[in-house]
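Lettering follows sequence order; numbering is per chain, from 1.
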Amino acid sequence: MNSAVVSAVLRWYGSEARDLPWRRPGTTPWQIMISEFMLQQTPVARVLEPWQRWVDRWPVPAALAAEPSGEAVRAWGRLGYPRRALRLHRAAVAIDQDHDGEVPADLAALRALPGVGDYTAAAVAGFGFGQRHLVLDTNVRRVITRIGAGVQYPATSLSAAERALAETFLPRQAPRAARWAAASMELGAVVCTARSPRCDDCPVRSRCAWRAAGYPAWAGPPRLGQTYTGTDRQCRGAVLAVLRERDEPVPSEELATAWPDHDQFERALAGLLADGLISEGPAGYALPI
DNA sequence: CAGTCGTGGGG
DNA sequence: TCCCCAAGACT
């Protein structure tokens with residue numbers, strides 16, 4: 001019954017999909033894995049340049065694994081959530097050591113890699129190896145929730161019911177399922193957006209339960225807004241930004257000028273050390289070896 | 001389960 | 001300006 005929806009979305013995707021570099025033919029699973037790490041909570045527009053630099057510099061997992069983790073952190077630039085860079089580096093090491101340098105095609109093996117959760121494992125298996133999996137990112141969840149359940153936003157946590165709903169859309173054939181994953185994700189990213197959906201441009205507006213119900217507003221608990229200014233996260237970011245630009249260790253007193261509140265600076269420093277994002281030596285702090 | 005973890009652009 | 005939130009993972 002949802003095959004009509006799937007067909008329409010796939011047809012739309014065929015003509016309207018953005019030409020993203022990691023979607024081009026010949027993209028390797030490793031390159032796709034890099035894109036998926038970078039795209040975790042980071043918009044496409046900001047990923048394009050860093051992704052190209054990464055795939056040029058580290059064309060295979062072994063190349064990244066051979067470098068200090070600090071180089072991954074430095075090359076991460078200002079993508080945000082730099083622990084992802086560390087996890088991707090650790091994933092490269094694991095692939096190099098435990099999988100003969102090849103990104104595993106097995107979903108469970110992917111899921112076991114550092115920084116790879118349910119979403120990323122399914123995405124790499126689907127986009128990199130053409131397998132059939134539920135790929136439930138924020139876009140797909142919003143799309144199926146609106147079309148299938150008539151609700152504006154998906155719940156905070158993924159329920160069995162929502163998973164079952166998603167299954168009703170997933171095509172039987174693996175290549176088609178993988179394409180559906182990409183297409184439904186694209187629809188959520190450019191048409192069925194969170195704030196101002198462009199329903200007039202939607203290929204399945206006539207089959208959307210949310211539209212049929214008159215676009216009822218979200219009735220669940222209010223979204224917790226993310227605070228940032230003045231938080232430890234901002235402080236950590238400021239500290240790391242300094243170290244990314246330096247090749248030599250930075251003395252503590254100098255590094256402290258990156259943040260006005262000293263207690264918070266110390267707390268951020270301890271956190272960054274604990275995370276392995278920075279290292280401490282006799283001459284000061286630096287990105288890890 | 002709820003909190004934590006960066007950064008920047010668009011409405 | 002301010003606020004929202006963007007291809008999540010981990011604890």
S.K.: Sticking with atom P, work out how far B:dG6 lies from C:dC3, rounded to a whole angstrom.
M.R.: 22 Å
S.K.: Can you sort out which residues in residues 8-17 of chain A have a heavy atom within less than 4.0 Å of DNA chain C? Ascending by number, please.
M.R.: none
S.K.: When you check every protein heavy atom under 4.0 Å of nucleotides 6-11 of chain B, what one-letter string (B, S, -) results, 5' to 3'?
M.R.: BBSBBS
S.K.: Verify whether one side chain among A:Glu186 and A:Tyr13 offers a donor that lies under 3.5 Å from an acceptor in the other.
M.R.: no
S.K.: Would you mind classifying the nucleic acid contact of A:Trp51 as base, sugar-phosphate or nothing, using non-hydrogen atoms under 4.0 angstrom?
M.R.: nothing
S.K.: Quick check on contacts: within residues 133-144 of chain A, what sits under 4.0 Å from DNA chain C by heavy-atom distance?
M.R.: A:Asp137, A:Thr138, A:Asn139, A:Arg142
S.K.: Does A:Leu10 belong to the same Ile/Leu/Val/Met/Phe/Trp/Tyr cluster as A:Trp12, with side-chain heavy atoms less than 4.5 Å apart forming each link?
M.R.: yes
S.K.: Tell me, yes or no, whether the heavy-atom count around A:Arg172 atom CZ, taken from other residues, nucleotides or ligands under 6.0 Å, exceeds 12.
M.R.: no
S.K.: Taking atom CD of A:Glu102 as the centre, does the number of heavy atoms from other residues, nucleotides or ligands within less than 6.0 Å exceed 12?
M.R.: no
S.K.: If you measure from the Lys or Arg side-chain nitrogens to the Asp or Glu carboxylate oxygens, is any gap between A:Asp19 and A:Arg24 under 4.0 Å?
M.R.: yes
S.K.: Is there side-chain contact between A:Leu113 and A:Met33, with heavy atoms separated by less than 4.5 Å?
M.R.: yes
S.K.: State plainly whether the residues A:Arg74 and A:Glu245 are in salt-bridge range, i.e. N to O under 4.0 Å.
M.R.: no
S.K.: Taking A:Gln31 for its side chain and A:Thr28 for its backbone only, find out whether a donor-acceptor pair lies under 3.5 Å.
M.R.: yes
S.K.: Looking at A:Asp56, I want to see if its CG is surrounded by more than 12 non-hydrogen atoms of other residues, nucleotides or ligands under 6.0 Å.
M.R.: yes
S.K.: Using atom C1' of each nucleotide, how far apart are B:dA2 and C:dA7 to the nearest Å?
M.R.: 23 Å
S.K.: Nearest heavy atom decides the nucleotide; on that basis, is A:Pro114 or A:Arg23 closer to the 5' end of DNA chain C?
M.R.: A:Arg23
S.K.: Are there over 12 heavy-atom neighbours, none belonging to A:Arg223, within less than 6.0 Å of that residue's CZ?
M.R.: yes
S.K.: Which residues within residues 145-167 of chain A lie with some heavy atom under 4.0 Å of an atom in DNA chain C?
M.R.: none
S.K.: With heavy atoms under 4.0 Å as the rule, sort A:Ala194 into base, sugar-phosphate or nothing.
M.R.: sugar-phosphate
S.K.: Decide yes or no for A:Ile34 and A:Trp22: does some side-chain heavy atom of the first lie under 4.5 Å from some side-chain heavy atom of the second?
M.R.: no
S.K.: Provide the full list of side chain to side chain donor-acceptor pair (under 3.5 Å) pairs with a residue in residues 250-271 of chain A, sequence neighbours left out, each pair given once.
M.R.: A:Asp232-A:Gln264, A:Asp232-A:Arg267, A:Arg246-A:Glu254, A:Trp259-A:Gln264, A:His262-A:Glu266
S.K.: Side-chain donor-acceptor pair under 3.5 Å between A:Gln234 and A:Thr229, yes or no?
M.R.: no
S.K.: So where does chain A start and stop touching DNA chain C, 5' to 3', when the test is distance under 4.0 Å to a non-hydrogen atom?
M.R.: C:dC4 to C:dC10
S.K.: Which part of the nucleic acid, if any, lies within reach of A:Asp118 when heavy atoms closer than 4.0 Å are counted: base, sugar-phosphate only, or nothing?
M.R.: sugar-phosphate
S.K.: Under a 4.0 Å N-O cut-off, is there an ion pair linking A:Arg111 with A:Asp118?
M.R.: yes
S.K.: Centres of the A:Trp76 and A:Trp54 rings: under 6.0 Å?
M.R.: yes
S.K.: Parallel, tilted or perpendicular: which fits the ring planes of A:Trp180 and A:Phe169, with parallel below 30° and perpendicular above 60°?
M.R.: parallel
